[in-house]
Number of protein chains: 2
Amino acid sequence: MGTRKQIVDAANRLFYQQGYERTSFASIAEAVGISRGNFYYHFKTKDEILEAVLQARLGDTRAMLAGWTEAAATPLERVFRFVDIVVTNRGDIELYGCPVGTLTSELAKLGHPSRAQAVGIFGVFRDWLGEQFKELGHSANADDLALQVLAFSQGVATLSNAFGDRDYVERDVRRLKTRLMSLDT
Amino acid sequence: MGTRKQIVDAANRLFYQQGYERTSFASIAEAVGISRGNFYYHFKTKDEILEAVLQARLGDTRAMLAGWTEAAATPLERVFRFVDIVVTNRGDIELYGCPVGTLTSELAKLGHPSRAQAVGIFGVFRDWLGEQFKELGHSANADDLALQVLAFSQGVATLSNAFGDRDYVERDVRRLKTRLMSLDT
DNA sequence: GCGACAGTAGGACAATTGTCCTACAATCTC
DNA sequence: GAGATTGTAGGACAATTGTCCTACTGTCGC
């Protein structure tokens, strides 16, 4: 595997687990197993790595959603896949929170120029969810419903990270699904 | 005002606006207008400041909730006060997110020993909300309802920070209030 | 074989980090 | 007023930060 991709992958993981500010050039280089000097050959600044990571995440997100669009037959099932993230990834979420939400708020605090790109990942989810609700026949408030589902997953992820209460998470997921099913009539 | 309190206040604000990791001794000292050396007289380590800040936040939170308990006549009104936070503090939330949620997740990523104390602030809100739902006659699922309301505010705060969409925030607040009112019958 | 070039290693660089020490100023006690 | 205590200033300290440079190794086309 190309060194550049290895760097992006390691940075992606470390940014998620430790935060952007905390993660240093040295720790990324160590994780990949290359020298700090070589690092500079691939990325001039830390911001450049962040941009590459955000680009990768954007691509991964799009690919994941495209996969769901294909794999799940109905729009409701697709939304359910999204809602289930907090259960599927509960292990990581309990430890590090939601990758999108935590990075977005960290970049907001840092006043980082790439903040908009991080918000863009939220935007991809938002648009995709909106599409599903449109297909469900809720064109008028599709975006509003998308935001509600997005907010749900962010709220549950934050509490999951804080309390680690798996019963609550599953309870709330089931509750939202029930609400969404009553929408599909 | 005592220097120590000034330090805690400045650190509290800076931890919120810039994050814990980003905020340095130097920037706190500069904000207060004292020398870095004097700083050491009041707090030996950065962790000590964090602990003092968390203690202060815990006290502030308890005082605020006690005030609401007195000021608002019904438990439903009290819960509404909480829900309204995302509207009342929208300016700060759009810029820096929720003070509790963002600090908790940052400390989680850092693996910081004070993480539990930060989660404790969430716990104070959780318990207080649970009390209100008990008074509302929902003893059986009071804590579950408390978690739902907590998750709501975290979700809306995260999206408010990401998108800055005030219409959505107000819409969702009104929506939750309607749901809560139907609970009070 | 040779020159060009992508990739890597190691380390220099100034700046900043958290931590800690010593010396001075102010205030209080007796 | 003398002495002790509390508070403050300024700077030293090693470690780490992001950034950048130079020298070496391998591989390629010719």
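Computation of the quantities below employed the complete heavy-atom set of this structure, encompassing side-chain atoms and omitting hydrogens, waters and symmetry-equivalent molecules. Reminder, nothing fancy here: chain letters follow the sequence lines and each chain counts from 1.
Note that the CD atom of B/Gln6 and the CD1 atom of B/Ile34 stand 8.0 Å from one another [nearest 0.5 Å]. Taking CG of A/Leu103 as the start and CG of A/Leu54 as the end, the distance is 6.0 Å to the nearest 0.5 Å.
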- Query: Does the pair A/Trp128 and A/Thr69 meet the rule for a side chain to side chain donor-acceptor pair (under 3.5 Å), with working shown?
  - Reply: CA-CA 9 Å; A/Trp128 183 85; A/Thr69 305; 2.9 Å; yes

- Message: Run the side chain to side chain donor-acceptor pair (under 3.5 Å) test on B/Tyr20 and B/Asp47 for me, step by step, so that the C-alpha distance in whole Å, both residues' side-chain angles and the decisive distance to 0.1 Å come before the verdict.
- Response: CA-CA 10 Å; B/Tyr20 173 71; B/Asp47 294 353; 2.9 Å; yes

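Cation-pi geometry between B/Arg22 and B/Phe15 is not met at under 6.0 angstrom from the ring centre and within 45 degrees of the axis. Relative to the ring axis of A/Phe80, A/Lys177 places its NZ or CZ within 45° and under 6.0 Å from the centre. For the pair A/Lys44 and A/Phe39, the NZ or CZ position fails the cation-pi test of under 6.0 Å to the six-membered ring centre and within 45 degrees of the ring normal.
Surrounding CD of A/Glu170 are more than 12 heavy atoms belonging to other residues, nucleotides or ligands, all under 6.0 Å away.
Using a 4.0 Å cut-off between charged side-chain N and carboxylate O, B/Glu131 and B/Arg78 make no salt bridge.
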Where do N or O atoms of nucleotides 11-13 of chain C meet protein N or O atoms at under 3.5 Å, pair by pair?
residue, atom, partner, partner atom, Å
C/dA12, N6, A/Arg36, NH2, 3.0

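Nearest heavy atoms, B/Cys98 versus B/Tyr16: C-CE1, 4.1 Å.
Residues from residues 16-28 of chain B placing a heavy atom under 4.0 Å of any atom in DNA chain D do not occur. At a non-hydrogen distance threshold of 4.0 Å, B/Tyr41, B/His42 from residues 41-49 of chain B come into contact with DNA chain D.
Out of D/dC20, D/dG10, C/dT19, the shortest distance to the side chain of B/Tyr40 is found at C/dT19.
A centroid separation of 6.0 Å or more is found between the aromatic rings of A/Phe163 and A/Tyr168.
Between A/Leu50 atom CG and D/dT19 atom C1' there is a gap of 17 Å when expressed in whole angstrom units. Summarising the geometry, the separation between CD on B/Glu30 and P on D/dA9 is reported as 14 Å, rounded to the nearest angstrom. A/Ile7 places its CD1 atom 11 Å from the P atom of C/dG7, with the value rounded to the nearest Å.
In this model, the phosphate group of C/dA9 is approached by a side-chain N or O of A/Asn38 to a distance below 4.0 Å at OP1 or OP2.
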